[in-house]
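A short write-up of the structure that comes next.
Naming: A, B, ... by sequence-line order, numbering from 1 per chain.
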Number of protein chains: 2
Amino acid sequence: MASNFLKINGERLNSTLQDTCTQHGALAAPSTGMCRLTLTQEDKNARDWLVAECNSLGCEVKIDQMGNMFAIRPGTAKDKMPIAMGSHMDTQPAGGRYDGILGVQAALEVLRTLHENRIETHCPVALIDWTNEEGARFPGAMMASGVWSTKSSTPLEACWDIQDKQGIRMKDALRQIGYLGDTLCDYRENGLECHFELHIEQGPILEKEGKSVGAVTSVQGMKWFAVRVEGVEGHSGTTPMPDRADALVTASRLITAVRDTALKTELGVATVGVINSDTSSQATIPAGVNFIIDIRCSTDDVVEQLATAIFKVFDDIIAQENNGTIYKVERSWGLPESKFHPHCINAVRASAVKAVGENQIMDMKSRAGHDSAWTSRVCPTSMIFVPSKEGISHNPNEYTSPEHCALGAQVLLDAVLYYDEKVKSGQY
Amino acid sequence: MASNFLKINGERLNSTLQDTCTQHGALAAPSTGMCRLTLTQEDKNARDWLVAECNSLGCEVKIDQMGNMFAIRPGTAKDKMPIAMGSHMDTQPAGGRYDGILGVQAALEVLRTLHENRIETHCPVALIDWTNEEGARFPGAMMASGVWSTKSSTPLEACWDIQDKQGIRMKDALRQIGYLGDTLCDYRENGLECHFELHIEQGPILEKEGKSVGAVTSVQGMKWFAVRVEGVEGHSGTTPMPDRADALVTASRLITAVRDTALKTELGVATVGVINSDTSSQATIPAGVNFIIDIRCSTDDVVEQLATAIFKVFDDIIAQENNGTIYKVERSWGLPESKFHPHCINAVRASAVKAVGENQIMDMKSRAGHDSAWTSRVCPTSMIFVPSKEGISHNPNEYTSPEHCALGAQVLLDAVLYYDEKVKSGQY
């Protein structure tokens with residue numbers, strides 16, 4: 001078996017990652033942050049580059065109806081689906097160079113290593129760039145892997161219709177950059193043997209514990225609630241203070257209650273990041289305000305408990321204000337708790353032990369959502385975590401050392417080869 | 001004097017007002033609301049129509065560097081500047097059919113009445129449509145009359161550079177709709193004898209007092225503060241609640257404090273209508289949040305007192321949160337208290353008494369800002385208020401009866417003729 005001796009090229013991985021970030025969506029220096037929103041010109045340029053790279057390595061590249069990219073390196077077996085290495089190249093509006101990007105770049109490094117060493121695998125091996133993982137331009141995180149899994153509550157046509165802030169429909173954005181593919185976005189038509197994802201932890205645990213690899217066993221449950229507060233629009237100069245039904249004041253009281261309730265109950269985390277007022281005039285008492293609550297807890301039951309506690313406080317606040325403002329939950333959606341597959345977890349553990357030894361690795365839950373949460377519903381899945389400096393993520397200061405990036409890529413390669421060997425020998 | 005017998009045509013005024021609202025910027029029926037944001041296609045269409053109407057009445061139409069439109073009907077005296085009737089045709093994003101629009105339409109009705117009765121005035125008479133009174137698209141209310149007065153803290157070039165939400169610069173928007181004129185936007189180059197403005201009250205006082213006309217003696221002081229709250233961006237799933245420096249939570253506490261402080265101190269009104277979060281991602285703790293505070297009190301001193309009280313509470317909140325979030329006032333601007341001119345106030349009073357008798361009129365302060373606040377700094381000015389149903393304004397339900405609209409236009413005509421007579425006889 002070649003895998004015992006096969007090494008990825010860490011220097012090549014890190015320089016490719018940094019160079020492509022600099023070229024496609026970097027924030028102005030000295031920031032090392034990124035703004036590579038999905039389906040923008042920057043994303044298109046990064047995709048075009050990746051397609052060319054994968055083609056040069058002998059991969060067939062398929063684009064599906066959501067713009068997901070599958071670059072497939074053939075295997076010797078004709079009846080097997082690909083062993084996939086997936087993640088995403090889009091970022092937050094002010095994100096970092098590692099969240100998502102590392103997973104795709106590491107997958108490319110694996111393909112390069114297999115190619116230059118002329119390794120023949122049993123199963124095909126695929127690199128996947130999932131579209132709009134961040135949900136930062138088109139609301140709805142992990143959107144396109146959700147469609148592919150057919151398990152998301154937002155199916156293809158609904159996703160196509162989602163608009164960005166400028167009113168551009170996702171389907172039009174896909175078409176505009178040339179990534180509205182004709183491969184069906186459905187795992188039953190374009191399936192995978194299994195799915196591995198290398199990702200930065202985005203939290204402080206590995207660093208605190210002094211470990212260098214996490215074998216991810218599950219993703220915690222999360223749920224989003226789009227809330228609308230309604231009051232009565234009015235003139236800021238002529239409407240007396242006691243007569244107001246001010247939607248933004250009520251929304252502000254509710255938002256502070258989201259934080260206070262999560263802190264007090266200690267059930268999990270709850271966040272409001274997105275807020276929009278109906279008015280763009282400083283002289284208008286807004287008629288309405290929209291915001292989104294993001295709730296995440298260790299299990300789906302606890303998510304429900306925390307949501308219930310928050311909305312109970314909302315009801316109390318509305319009753320206390322008693323000024324004609326109301327709130328309603330206009331839409332809720334979520335990612336249920338995801339348990340990963342023992343076969344994939346074993347492949348990650350075994351590969352990590354081989355790379356750094358038993359005492360440098362740990363099992364962990366993911367507290368962030370990932371495309372792997374959706375793939376885990378329809379094919380064996382696990383993830384590899386490497387440390388994030390100070391746990392900072394969704395921020396230009398996000399950082400993972402070159403050594404940890406290279407280590408993650410090595411574990412990814414070995415996990416793929418481990419799994420391939422098990423399939424070949426009929427054990428998986 | 002013809003003025004004793006000259007009557008405006010109320011039916012023509014009201015049908016023209018309603019028809020042009022329906023054609024240029026009406027919200028979808030059954031709402032009678034308007035969205036005619038400044039310098040949009042709807043605004044251009046309304047302007048084009050108005051230019052054509054004024055030309056057909058023998059007026060010369062001048063457009064200045066801020067797109068302000070001066071339609072001037074010549075007088076017999078060659079050395080006099082125009083007696084102006086000004087207001088604005090732009091609206092809030094969800095405004096009504098009367099705020100601003102009534103003043104311009106009544107001015108047109110006055111011009112029509114003078115024209116069809118072949119009245120020769122001593123001074124020229126001008127209709128003015130002031131650009132961007134609302135400040136709803138390009139932040140900064142009464143922007144273009146402020147530039148014209150040369151007394152605003154935001155001069156021409158700075159206004160030209162202000163961008164709307166789509167990043168369009170005001171100068172480019174003016175050019176795009178063909179209203180970037182070459183008349184200098186400066187009262188010293190393009191002056192007025194005096195300025196009258198008919199406007200709806202936008203408050204409940206006339207209705208409550210059972211009066212039908214207000215002679216406006218002043219505009220209360222108002223000030224705006226653009227506040228930025230800064231925290232630390234982070235991932236909504238992986239950042240523990242106690243470790244967060246959440247800019248939106250802190251901003252929410254500050255916004256509730258704006259209301260609570262204004263209510264408690266009873267010094268005036270204070271409002272936050274505009275809010276923007278740095279992030280458009282539901283999964284991000286925002287690094288920053290911007291909002292604008294609008295403070296209005298009976299005098300400038302009291303405005304300062306209320307602002308001081310609010311920022312004192314802000315400091316207490318920041319100290320209490322003690323989580324690394326901070327706030328700063330990035331920009332403040334305002335409209336100082338404006339006292340109107342006795343000559344113009346007398347013209348309005350005398351005309352109102354003639355129309356409805358002494359006991360149907362009252363003197364009043366304006367609690368909303370108006371272009372007349374700026375003109376009053378450089379030429380004699382007063383305003384005519386007519387009742388607003390329930391005081392509702394900046395809202396599609398804004399309403400003033402056809403009878404009150406016609407009454408306002410009649411008082412406007414008579415005030416212009418009264419003032420003209422006084423100038424002719426050398427008394428003003």
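Note: B/A283 leads B/A283, B/S277, B/G391, B/G369 in heavy-atom pairs under 4.5 Å with chain A. Contact count versus chain B (heavy atoms, under 4.5 Å) is highest, among A/S366, A/G273, A/P286, A/A368, for A/G273. For the set A/V274, A/I285, A/V289, A/I293, the count of heavy-atom pairs under 4.5 angstrom toward chain B peaks at A/V274. Per-residue counts of heavy-atom pairs under 4.5 Å with chain B were compared for A/L248, A/I292, A/T239; the largest is that of A/L248. Heavy-atom pairs under 4.5 Å with chain A were tallied for B/A251, B/S236, B/G203; the largest tally goes to B/S236. Per-residue counts of heavy-atom pairs under 4.5 Å with chain A were compared for B/D164, B/D294, B/D243; the largest is that of B/D294. Counting heavy-atom pairs closer than 4.5 Å to chain B, the top residue among A/V232, A/T284, A/T279 is A/T284. With chain B as the partner, the residue from A/K165, A/R367, A/H235 showing the most heavy-atom pairs under 4.5 Å is A/H235. Ranked by heavy-atom pairs under 4.5 Å with chain B, the list A/V249, A/L37, A/L254 is led by A/V249.
Inspection of the A/D371 and A/H88 side chains reveals no N or O donor paired with an N or O acceptor under 3.5 Å. For B/T250 and B/T325, the side-chain atoms include at least one donor-acceptor pair closer than 3.5 Å. For the residue pair B/S388 and B/Q202, no side-chain donor N or O sits within less than 3.5 Å of a side-chain acceptor on the partner. B/R244 and A/T271 share a side-chain donor-acceptor pair at under 3.5 Å.
The side chain to side chain contact (heavy atoms under 4.5 Å, CB included) test applied to B/E390 returns B/E207, B/I392, not counting sequence neighbours.
With a threshold of 4.5 angstrom between heavy atoms, A/P93 approaches chain B through side-chain atoms but not through N, CA, C or O. Both the backbone and the side chain of A/Q282 come within contact range of chain B, judged by heavy atoms closer than 4.5 Å. B/R296 touches chain A through its side chain: at least one heavy atom from C-beta onward sits under 4.5 Å away, while N, CA, C and O do not. With a 4.5 angstrom heavy-atom cutoff, B/A94 touches chain A via backbone and side-chain atoms both.
Considering A/R36, A/E134, A/E398 as possible partners of A/Q92, the one that fulfils the side-chain hydrogen bond (donor to acceptor under 3.5 Å, both in side chains) test is A/E134.
Classified by interplanar angle (parallel below 30°, tilted 30° to 60°, perpendicular above 60°), the ring pair B/Y98/B/Y399 is perpendicular.
Within 6.0 Å of NZ in A/K389 there are 12 or fewer heavy atoms belonging to other residues, nucleotides or ligands.
Evaluation of the salt bridge (charged side-chain N to carboxylate O under 4.0 Å, His left out) test over residues 250-266 of chain B, restricted to residues two or more places apart or in two chains, returns A/R253-B/D260, A/D260-B/R253, B/R253-B/E321.
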